[in-house]
S.K.: 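Got a structure for you, written out below as structure tokens; questions coming shortly.
Numbers here simply count residues along the sequence, with the first being 1.
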Amino acid sequence: MIGISVYLSDEDAEERILRASLSGIKLAFTSLHIPEESGVSTERVGNLLSLFKKEGFEVFADVSKKTPGMLGLNRFEDLKELGVTSLRLDDGFKTEEMLELASQFQIAINASTVGEKELKQWVDSGLRPGKMIAWHNFYPKPETGLDQEYFLQQQALYDSLSIPVYAFVPGDEDKRGPLHVGLPTLEDHRGQSPYVSAVQLKRWGVTGVFVGDPGCSAELLQKLEHFDREDVIELSYEGSGEIEGEYQLRPDPGRDVLRLLKTRTIEMVPPLNSVERPRGTITRDNDSYGRYRGEMQIVRHDLDCNPAVNVMGKICKSDLPLIESCQPGQKLRLIRGTDLVE
């Protein structure tokens, strides 16, 4: 599941909704929380929620107890008519109130702060895991994003109860204020490619990956949607144009290389550019390897030169972490880029 974040005060919100919809993405997070979106008119909120509904979006809303009054509604249940299906509650809600809302909405609890003890108390009180999702915070301030080890511990906790986990990655265009440095859940993801970060989260078991910033290019949306739908990882590389295309990895990954299926050939492959092979190098076996002639590989660890192996290109530095996110039998798409591995 891939989603966008839309903020009511964003003048380009309508355009961003339509762009995501055209990319096949139909999930959105928005804030109906005071003071997050203070100064926004009730009419503005209604128009955006109507657009979400028209485009077939499932809307996850961050709310406070003041939200219905701000929107001119009598109760939270009225949000359902506006297309809101899940509520992310702030700290002002009591357990009894959560249980009441859980009869009408899916409840998103804070995956970044709620530990085993509090979670058990809610479950014992009657909040069924099937009515919950666990949604992490995003962290606007640098150096405050979650540590990976802690994140994985929380993932294991919610996995044990079959509660889906949701998290944020930064956008690749306009960053949200006031700091404009990205809205990641993990600090490691702040300066990393959002696409790489999203693939990592999915590999760690995260169900819903949402772009936290409002700025998200059509290219990124399409790549995320394609990966989510077909499990195809796109790798940008620099090198020979003849290797651009779609491939599949063998189901038995090697220690040092990822081997690409159906790349061997009976045609001659003369030795050429048989140089050192740092991590991320794309290679092709030449005639010296006999029946392995033509087999392509992606190097996982630095390797010395081999006269039987030709170097064809290198994975771009920004995509290099994706090598370890590739699973056995993984589908790949190699696309020529310019960001060289150093």
S.K.: In the structure I gave you, are the side-chain heavy atoms of Thr30 and Leu8 within less than 4.5 Å of one another anywhere?
M.R.: yes
S.K.: Would you say the side chains of Lys80 and Thr85 form a donor-acceptor pair under 3.5 Å?
M.R.: no
S.K.: Are Asn273 and Arg284 close enough that a side-chain donor and a side-chain acceptor fall under 3.5 Å?
M.R.: no
S.K.: Please confirm whether the backbone N or O of Cys216 pairs with a side-chain atom of Arg19, one donor and one acceptor, at under 3.5 Å?
M.R.: yes
S.K.: Please find the pair of heavy atoms, one from Val114 and one from Tyr158, that lie closest to each other, and give the distance.
M.R.: O-OH, 2.9 Å
S.K.: Considering non-hydrogen atoms only, spot the tightest contact between Leu221 and Ile4 and give its length.
M.R.: CD2-CG2, 3.8 Å
S.K.: Closer than 3.5 angstrom, by distance alone: can the side chain of Arg277 be matched with the main-chain N or O of Thr283 as a donor-acceptor pair?
M.R.: no
S.K.: Can you tell me how far apart CZ (Arg176) and OG (Ser9) are? Round to the nearest 0.5 Å.
M.R.: 6.0 Å
S.K.: With a 3.5 Å distance limit and no angle check, can you tell me whether Glu295 reaches the backbone of Thr263 through a side-chain donor-acceptor pair?
M.R.: no
S.K.: Taking Glu234's backbone N and O only, do any of them form a donor-acceptor pair with Tyr195's side chain (distance below 3.5 Å, no angle check)?
M.R.: yes
S.K.: For Ile282, which of Met296, Lys314, Glu238 qualifies under side chain to side chain contact (heavy atoms under 4.5 Å, CB included)?
M.R.: Met296
S.K.: Test salt bridge (charged side-chain N to carboxylate O under 4.0 Å, His left out) on Lys223 and Asp172 and set out the steps.
M.R.: CA-CA 12 Å; Lys223 287 175 65 174; Asp172 64 338; over 6 Å; no
S.K.: Step by step, would you call Glu14 with Arg44 a salt bridge (charged side-chain N to carboxylate O under 4.0 Å, His left out)?
M.R.: CA-CA 11 Å; Glu14 290 88 350; Arg44 170 68 168 167; 2.4 Å; yes
S.K.: Decide salt bridge (charged side-chain N to carboxylate O under 4.0 Å, His left out) for Arg293 and Asp287; before the verdict, give the C-alpha distance in whole Å, the side-chain angles of both, and the deciding distance to 0.1 Å.
M.R.: CA-CA 5 Å; Arg293 176 194 295 119; Asp287 294 336; 2.7 Å; yes
S.K.: With rounding to the nearest 0.5 Å, note down the distance linking CD1 in Ile25 to CZ in Phe57.
M.R.: 8.0 Å
S.K.: Do the side chains of Val63 and Leu89 get nearer than 4.5 Å, heavy atoms only?
M.R.: yes
S.K.: Hey, does the side chain of Tyr237 reach the backbone of Gly280 with a donor-acceptor pair shorter than 3.5 angstrom?
M.R.: no
S.K.: Step by step, work out the side chain to side chain contact (heavy atoms under 4.5 Å, CB included) result for Met1 and Tyr166.
M.R.: CA-CA 9 Å; Met1 299 171 66; Tyr166 290 55; 3.3 Å; yes
S.K.: What about Phe210 and Phe60, are their ring centers closer than 6.0 Å?
M.R.: yes
S.K.: Minimum heavy-atom separation for Phe168 to Leu201, with atom names?
M.R.: O-CD1, 4.2 Å
S.K.: Any side-chain heavy atom of Leu79 within less than 4.5 Å of one from Leu82?
M.R.: yes
S.K.: Pair Leu51, Leu18 - check side chain to side chain contact (heavy atoms under 4.5 Å, CB included), show working.
M.R.: CA-CA 9 Å; Leu51 181 58; Leu18 294 174; 4.2 Å; yes
S.K.: Between the main-chain N or O of Pro270 and the side-chain N or O of Asn310, is there a donor-acceptor pair closer than 3.5 Å?
M.R.: yes
S.K.: For the pair Lys175 (side chain) and Gly171 (backbone), establish whether a donor and an acceptor sit closer than 3.5 Å, ignoring hydrogens and angles.
M.R.: yes
S.K.: If only side-chain N and O atoms count, and only distance matters, is there a donor-acceptor pair under 3.5 Å linking Gln154 with His136?
M.R.: no
S.K.: Could you check whether any side-chain N or O of Arg190 sits under 3.5 Å from a backbone N or O of Tyr139, counting only pairs where one atom can act as donor and the other as acceptor?
M.R.: yes
S.K.: Taking atom CD of Glu276 as the centre, does the number of heavy atoms from other residues, nucleotides or ligands within less than 6.0 Å exceed 12?
M.R.: no
S.K.: Could you list the donor-acceptor pairs under 3.5 angstrom formed between side-chain atoms of residues 92-99 and any protein atom two or more places apart in sequence or on another chain?
M.R.:
from, atom 1, to, atom 2, distance (Å)
Glu97, OE1, Lys65, NZ, 3.3
Glu97, OE1, Lys94, N, 2.8
Glu97, OE2, Lys65, NZ, 3.2

S.K.: How close do Asp10 and Pro214 get, heavy atom to heavy atom, and via which atoms?
M.R.: OD2-CB, 3.6 Å
S.K.: List the atom of Val209, the atom of Ala198, and the distance in Å for their closest heavy-atom pair.
M.R.: CG1-CB, 3.8 Å
S.K.: Distance from Leu322 atom CG to Ser197 atom OG, nearest 0.5 Å?
M.R.: 9.0 Å
S.K.: Quick one: which of Arg128, Glu118, Met132 gives a side chain to side chain contact (heavy atoms under 4.5 Å, CB included) with Val123?
M.R.: Met132
S.K.: Is any side-chain heavy atom of Leu127 less than 4.5 Å from a side-chain heavy atom of Ser125?
M.R.: no
S.K.: Can you find a pair of side-chain heavy atoms, one from Glu244 and one from Ile335, that are under 4.5 Å apart?
M.R.: yes
S.K.: Does Glu242 offer a backbone N or O that forms a donor-acceptor pair with the side chain of Ser240 under 3.5 Å?
M.R.: yes
S.K.: In terms of heavy-atom contacts, does CD of Glu219 have more than 12 from other residues, nucleotides or ligands at under 6.0 Å?
M.R.: no
S.K.: Step by step, work out the side chain to side chain contact (heavy atoms under 4.5 Å, CB included) result for Arg259 and Val257.
M.R.: CA-CA 6 Å; Arg259 304 171 70 186; Val257 296; 4.0 Å; yes
S.K.: With the side chain counted from C-beta on, respond yes when Glu173 and Ser217 share a heavy-atom pair under 4.5 Å apart, and no when they do not.
M.R.: yes
S.K.: Got a sec: does the CD of Glu267 have more than 12 other heavy atoms crowding it under 6.0 Å?
M.R.: no
S.K.: Take a 6.0 Å sphere around CZ of Phe227 and say whether it holds more than 12 heavy atoms from other residues, nucleotides or ligands.
M.R.: yes
S.K.: Side chains of Pro142 and Leu179: does their closest heavy-atom pair fall under 4.5 Å?
M.R.: yes
S.K.: Going by the angle between their ring planes, with limits at 30° and 60°, are Phe138 and Tyr7 parallel, tilted or perpendicular?
M.R.: perpendicular
S.K.: Would you check if Pro194 and Val211 make a side-chain contact, meaning some heavy-atom pair closer than 4.5 Å?
M.R.: no
S.K.: If you count the non-hydrogen atoms of other residues, nucleotides and ligands that lie under 6.0 Å from CG in Asp304, is the total more than 12?
M.R.: no
S.K.: Using every non-hydrogen atom in the two residues, find where Val199 and Ser325 come nearest and quote the distance to one decimal.
M.R.: CG1-CB, 3.7 Å
S.K.: Counting N and O atoms only, with roles assigned by atom type, does the side chain of Asp147 sit under 3.5 Å from a partner on the main chain of Glu149, one being a donor and the other an acceptor?
M.R.: yes
S.K.: Rounded at 0.5 Å granularity, tell me how far CD in Glu246 sits from CG in Leu334.
M.R.: 9.5 Å
S.K.: Which is it for Lys131 and Ile107 under the side chain to side chain contact (heavy atoms under 4.5 Å, CB included) test, yes or no, and what are the steps along the way?
M.R.: CA-CA 6 Å; Lys131 295 294 293 183; Ile107 301 299; 5.8 Å; no
S.K.: For a salt bridge (charged side-chain N to carboxylate O under 4.0 Å, His left out) check, start with the C-alpha distance between Arg203 and Asp231, then their side-chain angles and the critical distance, and finish with the verdict.
M.R.: CA-CA 11 Å; Arg203 288 291 181 255; Asp231 195 28; 3.0 Å; yes
